[in-house]
Protein chains: 2
Amino acid sequence: MTISEVSKKYDLTPDTIRYYEKEGLIPKAPRTKSGIRDFDEETCNWIEFIKCMRNAGLEIETLKQYVALFKQGNKTVKQRKILLIEQRKKLLEKQKNINATLERLNYKIEKYEEIEKGKLKDFAEKP
Amino acid sequence: MTISEVSKKYDLTPDTIRYYEKEGLIPKAPRTKSGIRDFDEETCNWIEFIKCMRNAGLEIETLKQYVALFKQGNKTVKQRKILLIEQRKKLLEKQKNINATLERLNYKIEKYEEIEKGKLKDFAEKP
DNA sequence: TTATCACTTGGAGTTAGCTCAAAGTCAATA
DNA sequence: TATTGACTTTGAGCTAACTCCAAGTGATAA
């Protein structure tokens, strides 16, 4: 699989994929005799995984650490677990923030709807 | 209220608060005769609102637009509603990404626990 | 065989969102 | 009166995560 095919498949630019490879977020992709990347399934799985984590906002640096631990094999299972638990904690925190904001947005949108329908006139709105 | 008091209250640095003011994310705070900011309740409410929105990841630019519309009064209710609905959509999308990632993290953490307890040996782990 | 086109690299540039530094002002205290 | 310390401004600097550019290479189509 060429980089542009992988790019389409995962909706990441070729530049981003090369950047991830250079930074060690994904394994170094296999190459053809002429030096062109020829992605295999394993590498694709990593790309998919990293994309998922990045979409949730995990940092490059953190993912780099995780991949480095992974490469060292089973002796790093404990450290990897600790790392993932910390990231889970962060995501739960984020989830809470988003939920709080969603509630607030819902309330305001509702109010705006009432104003539009004329149910509420001169609504003394706070931010 | 001085800027350092507000800073403590909302856990934002004075620099950040001044930056928000400069960018128009919050109203210009009232000043004492000698030019020092003396935050009133209204401005504090804005700070709290903006902090909440920023915590959920809404962009400065978007919030700037919202505040600008707000300042123009009731004639912008419709536009503000549209803006908030778009932001809600984005947050719901984010929520989905976070949930997907949380599930994945939970699965992996569980597997790592099983390995640690020796229930799983030589677990052929994919990313 | 020449042209095209997707790929390659290294390194510079960009954007968002702060964050810091320098130099100055003012009110209150020793 | 001198000094302390919190405030002020302007503008530069920083970090994360890409994103773009220039110059070069190699395989295939005309």
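Chain identifiers are assigned alphabetically (A, B, ...) following the order of the sequence lines, protein sequences preceding nucleic acid strands; residue numbering begins at 1 within each chain.
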Among C:dA6, D:dT9, C:dC18, the nucleotide that comes nearest once only the side chain of A:Ser4 is considered: C:dA6
Grab the CG-C1' distance between B:Asp38 and D:dC7 for me, whole Å please. 12 Å
Distance-only polar pair, side chains of A:Arg80 and B:Tyr112, donor-acceptor under 3.5 Å: yes
Run the salt bridge (Lys or Arg N to Asp or Glu O under 4.0 Å) test on B:Lys28 and B:Glu21 for me, step by step, so that the C-alpha distance in whole Å, both residues' side-chain angles and the decisive distance to 0.1 Å come before the verdict. CA-CA 6 Å; B:Lys28 292 198 182 292; B:Glu21 190 196 69; 5.3 Å; no
Atom pair distance, as rounded to whole Å: CD1 in A:Ile3 and C1' in D:dT19: 14 Å
Assert: residue with more 5' nearest nucleotide on DNA chain C, out of B:Glu59 and B:Lys33, is B:Glu59
OP1, OP2 of D:dT8 versus side-chain N and O of B:Arg18: anything below 4.0 Å? yes
Please report the C-alpha distance between A:Glu116 and B:Lys78 in whole Å, then the side-chain angles of each, then the deciding distance to 0.1 Å, and finally whether the salt bridge (Lys or Arg N to Asp or Glu O under 4.0 Å) criterion is met. CA-CA 7 Å; A:Glu116 279 186 337; B:Lys78 192 171 182 179; 5.7 Å; no
Distance check needed: C:dC18 C1' versus B:Glu61 CD, whole Å only. 15 Å
In whole angstroms, the gap separating P of D:dA17 from CD1 of A:Ile26 amounts to 15 Å
Expressed as a whole number of angstroms, how long is the span from B:Leu58:CG to C:dC18:P? 12 Å
Without hydrogens or angle criteria, can the side chains of B:Ser7 and B:Ser4 be said to hold a donor-acceptor pair below 3.5 Å? no
Check the distance between D:dA17's P and A:Tyr19's OH and give it to me in whole angstrom. 6 Å
Taking only side-chain N and O atoms of A:Arg31, does any of them lie within less than 4.0 angstrom of OP1 or OP2 on C:dT9? yes
So, OP1 or OP2 of C:dG17: does either fall under 4.0 Å of a side-chain N or O from B:Thr16? no
Given D:dT19, D:dA27, C:dG17, identify the nucleotide with an atom nearest to the side chain of A:Ser34. D:dA27
Does A:Lys108 count as lying over the ring of B:Phe49, i.e. NZ or CZ under 6.0 Å from the six-ring centre, within 45 degrees of the axis? yes
Taking atom C1' of C:dA16 as reference, at what distance in whole Å does atom CZ of B:Arg54 sit? 8 Å
Measure CD1/A:Ile50 against C1'/D:dA17 and give the value in whole Å, please. 14 Å
B:Tyr20 side chain N/O closer than 4.0 Å to the phosphate oxygens (OP1, OP2) of C:dG17? no
Along DNA chain C (nearest heavy atom to each residue), the more 5'-positioned of A:Ile36 and A:Asp15: A:Ile36
